[in-house]
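As the structure is a computational prediction, the values presented were derived from the model and not from experiment. Computed over heavy atoms, backbone and side chain alike; hydrogens, waters and symmetry mates excluded. Below, read A as the first sequence line, B as the second, and so on, with proteins coming before strands; counting in each chain starts at 1.
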Number of protein chains: 2
Amino acid sequence: MKKKEKITIHDIAMEIGVTASTVSRALNNHPRISPATKKMVLEAAKAINYKPNRIAAALRHGKSKLIGIIVPTINRNFFSSIVRGIEEYANARDYKVMISQSYDDYRKEVETIDALLDARVDGIMVSLGKNTHSYAHFDAVLQKGIPLVFFDRTTDELTVNQVVIDDFASAYQATHHLLDQGYRHIAHFTSHMKIKIYLERLRGYSQALRDYGIPFDERLVVESNMQLDGGQESTRFLLEQGLGFDAIFSASDYAIVGALQELKKIQVKIPQEVGLIGFSNEPFTEFTEPALSTVDQKAIAMGQTSAALFFEMIADDGKPKAMVKKTLDANLIIRSSSSRIS
Amino acid sequence: MKKKEKITIHDIAMEIGVTASTVSRALNNHPRISPATKKMVLEAAKAINYKPNRIAAALRHGKSKLIGIIVPTINRNFFSSIVRGIEEYANARDYKVMISQSYDDYRKEVETIDALLDARVDGIMVSLGKNTHSYAHFDAVLQKGIPLVFFDRTTDELTVNQVVIDDFASAYQATHHLLDQGYRHIAHFTSHMKIKIYLERLRGYSQALRDYGIPFDERLVVESNMQLDGGQESTRFLLEQGLGFDAIFSASDYAIVGALQELKKIQVKIPQEVGLIGFSNEPFTEFTEPALSTVDQKAIAMGQTSAALFFEMIADDGKPKAMVKKTLDANLIIRSSSSRIS
DNA sequence: CCAGCAAATGCAATCGATTGCGCTAATATA
DNA sequence: TATATTAGCGCAATCGATTGCATTTGCTGG
């Protein structure tokens with residue numbers, strides 16, 4: 001139970017009567033090693049069940065083959081799906097991923113960056129916390145030349161590669177769809193305006209209204225925490241104001257469920273009287289009554305794209321290319337909650 | 001942009017005129033270093049912005065401070081919440097977690113174990129894939145003395161510490177609740193019978209029936225993949241068989257949503273005509289119409305407990321204790337789908 | 001005043017793999 | 001046949017931190 005037979009390249013070197021250097025080169029398929037020797041090494045390695053020590057290798061050439069990921073919280077379908085995408089892509093290339101959560105806490109985010117740096121990750125991908133309005137903690141990352149990728153919750157205040165969906169276009173589409181369905185007094189649920197994705201969605205929403213010749217009414221734009229309770233509160237607020245809205249486009253699925261609940265509570269018919277559209281395509285949107293229209297953010301693809309970007313960055317190492325910004329198309333998913341014209 | 005000023009203990013040693021040994025000891029708060037020197041070292045370290053290289057340290061003393069986690073898929077609330085629990089607990093103790101997914105694929109699981117071993121993780125926590133019926137790939141882990149913890153999807157065929165919820169008791173409770181509500185023909189949705197948790201839930205289900213004096217009817221137990229479509233199929237199957245069930249206790253939330261959809265499609269009233277209970281407390285169960293009763297598996301707590309178990313194992317290293325099996329209490333959450341007596 | 005001991009630090013090996021440089025022998029070129 | 005090449009491999013340093021053992025310095029007690 002405690003047999004610590006550490007098998008190293010020296011063991012296999014001894015086994016076949018060469019030096020560790022040769023074994024190392026053979027294992028790495030170095031051109032200056034004869035095919036015969038390579039074969040012997042490989043066989044001996046297999047025979048004595050040799051496992052390379054990545055830590056030693058990492059120390060030597062400064063590459064840990066580790067990618068650090070920071071998300072606000074992992075137990076949210078959107079983020080865990082992104083992580084899934086990254087993991088898939090990275091694993092296939094012999095990289096492992098390390099997860100950290102910021103809990104939308106600025107301080108925790110700073111600490112985590114530090115921890116990842118300590119762990120000597122080869123790259124960092126992050127989705128910014130909601131309260132992150134200063135970016136000095138990324139300076140160290142950039143300065144060390146460690147590839148950094150922002151996904152979804154990004155910022156333009158830093159010259160960093162990023163992967164986002166087309167928030168503007170999808171918000172535009174969603175709003176347009178509501179207009180097509182005959183809704184004319186469309187409210188919008190949004191979050192703190194410091195975050196770009198919410199700004200973009202608001203922009204798409206108002207642009208769609210404008211293009212349709214509908215005046216933008218700022219009283220119909222309600223800020224909240226974008227959670228279930230936030231959606232409930234925002235809905236009650238709208239009702240109390242008596243502004244007579246007939247649809248809601250929410251920048252979050254959670255908030256739109258809150259709205260759905262509040263409206264059903266007072267017998268408002270969805271979608272006949274009020275149309276609803278959320279954002280993110282969380283799994284539960286399919287299961288509500290009625291099912292909620294929403295925007296699919298293609299989380300897994302976003303993860304894969306982020307990972308791909310990382311590998312591009314390390315491929316042409318040295319040549320610092322201009323900032324790359326990949327925008328993925330999102331998908332408006334139309335379900336019952338916004339379909340009153342059949 | 002390419003300033004690679006690698007700062008090591010040697011730099012700080014030179015700075016204050018001592019050797020690296022002293023710096024190392026000072027940094028690790030070794031008792032044989034004078035307080036004065038320690039102070040100098042700490043200050044110098046801060047001054048030149050020294051960051052310890054964990055990789056070098058890991059190589060030296062064989063500890064990577066990394067915990068490997070294997071889950072079938074990360075983008076399932078239950079698993080991502082467990083990961084969250086583990087990450088929280090581990091992070092607070094200066095350990096990082098590495099995520100891998102098995103996709104319920106046996107081969108991938110084997111490869112992943114190997115990859116984690118390569119990465120020299122200090123411990124491994126896994127939730128077995130659905131198709132894993134052989135456990136030889138864990139031998140290497142055990143033999144190397146690397147702490148291994150199974151959570152949720154475990155097996156007794158290996159002497160490994162595990163953390164589970166009381167599947168039997170919670171299934172018993174759920175079934176009992178249905179009986180209390182007056183349902184008498186309770187069907188059960190389950191999965192492949194090789195997995196212990198499903199066996200346990202089935203056992204709890206049948207025991208509850210027995211204790212209530214209701215005969216167990218195996219025709220009411222339906223196997224499926226436990227996904228949405230599986231639940232739909234199982235429901236249609238039951239309906240076609242014309243067995244006259246009046247409730248379903250499903251070992252999965254996804255399958256019970258499938259049942260809900262099928263039943264609503266043919267105007268069956270929930271919970272008046274048929275009562276439903278799922279398992280896992282996935283977020284969407286709260287949002288369906290009616291809201292689904294389910295069993296809360298306390299995922300975050302399970303993650304924390306698993307992590308705690310790991311730290312116990314490395315604490316008294318060497319002394320191999322007997323196998324520890326922690327069983328957490330689960331929580332029956334009663335919502336509308338099973339409440340017809342008010 | 002000196003042996004004796006403890007406190008504080010230095011020395012050097014080590015963890016395992018990698019790699020620049022050098023050496024040897026074989027093949028090629030003149 | 002003598003020299004220039006090149007293939008194939010060994011030597012030894014290196015990555016950065018850790019640690020057993022040795023050494024130095026300072027202090028105590030006789």
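Atom-to-atom, CE of A/M14 to P of C/dA17 comes out at 13 Å; the value is rounded to the nearest Å. Atom pair B/L59:CG and D/dG16:P shows a separation of 12 Å (rounding to whole Å applied). Here the P atom of nucleotide D/dT18 and the CG atom of B/N53 are 10 Å apart, to the nearest Å. Atom-to-atom, NZ of A/K65 to C1' of D/dC15 comes out at 17 Å; the value is rounded to the nearest Å. Atom CG of A/N29 is separated from atom P of C/dA17 by 17 Å (rounded to the nearest Å). Between the P atom of D/dA17 and the CG atom of B/L27 lies a distance of 8 Å, rounded to the nearest Å. Atom-to-atom, CD1 of A/I55 to P of C/dA17 comes out at 11 Å; the value is rounded to the nearest Å. As rounded to whole Å, 16 Å separates atom P of C/dG16 from atom NE2 of A/H61.
In this structure, B/D105 has no salt bridge (Lys or Arg N to Asp or Glu O under 4.0 Å) partners at least two apart in sequence or on a different chain. Under the side chain to side chain donor-acceptor pair (under 3.5 Å) criterion, B/K326 pairs with B/E312, sequence neighbours left out. In this view, A/F138 and A/F150 satisfy the ring pair (Phe, Tyr, Trp, His ring centres under 6.0 Å) rule, not counting sequence neighbours. Among residues two or more places apart in sequence or in another chain, the salt bridge (Lys or Arg N to Asp or Glu O under 4.0 Å) test is passed with B/R60 by none. A/R84 pairs by the salt bridge (Lys or Arg N to Asp or Glu O under 4.0 Å) definition with A/E88, not counting sequence neighbours.
Applying the 4.0 Å criterion to OP1 and OP2 of D/dT18, one finds that B/N28 has a side-chain N or O inside that range.
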Report, as a single string ordered 5' to 3', how protein heavy atoms within less than 4.0 Å touch nucleotides 7-12 of chain C: B base, S sugar-phosphate only, - not at all.
-> -BBBBB

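Within the 4.0 angstrom heavy-atom criterion, only backbone atoms of the sugar-phosphate kind lie near A/T8; the bases stay farther away.
Ring geometry for B/F311 versus B/Y89: interplanar angle of 30 to 60°, hence tilted.
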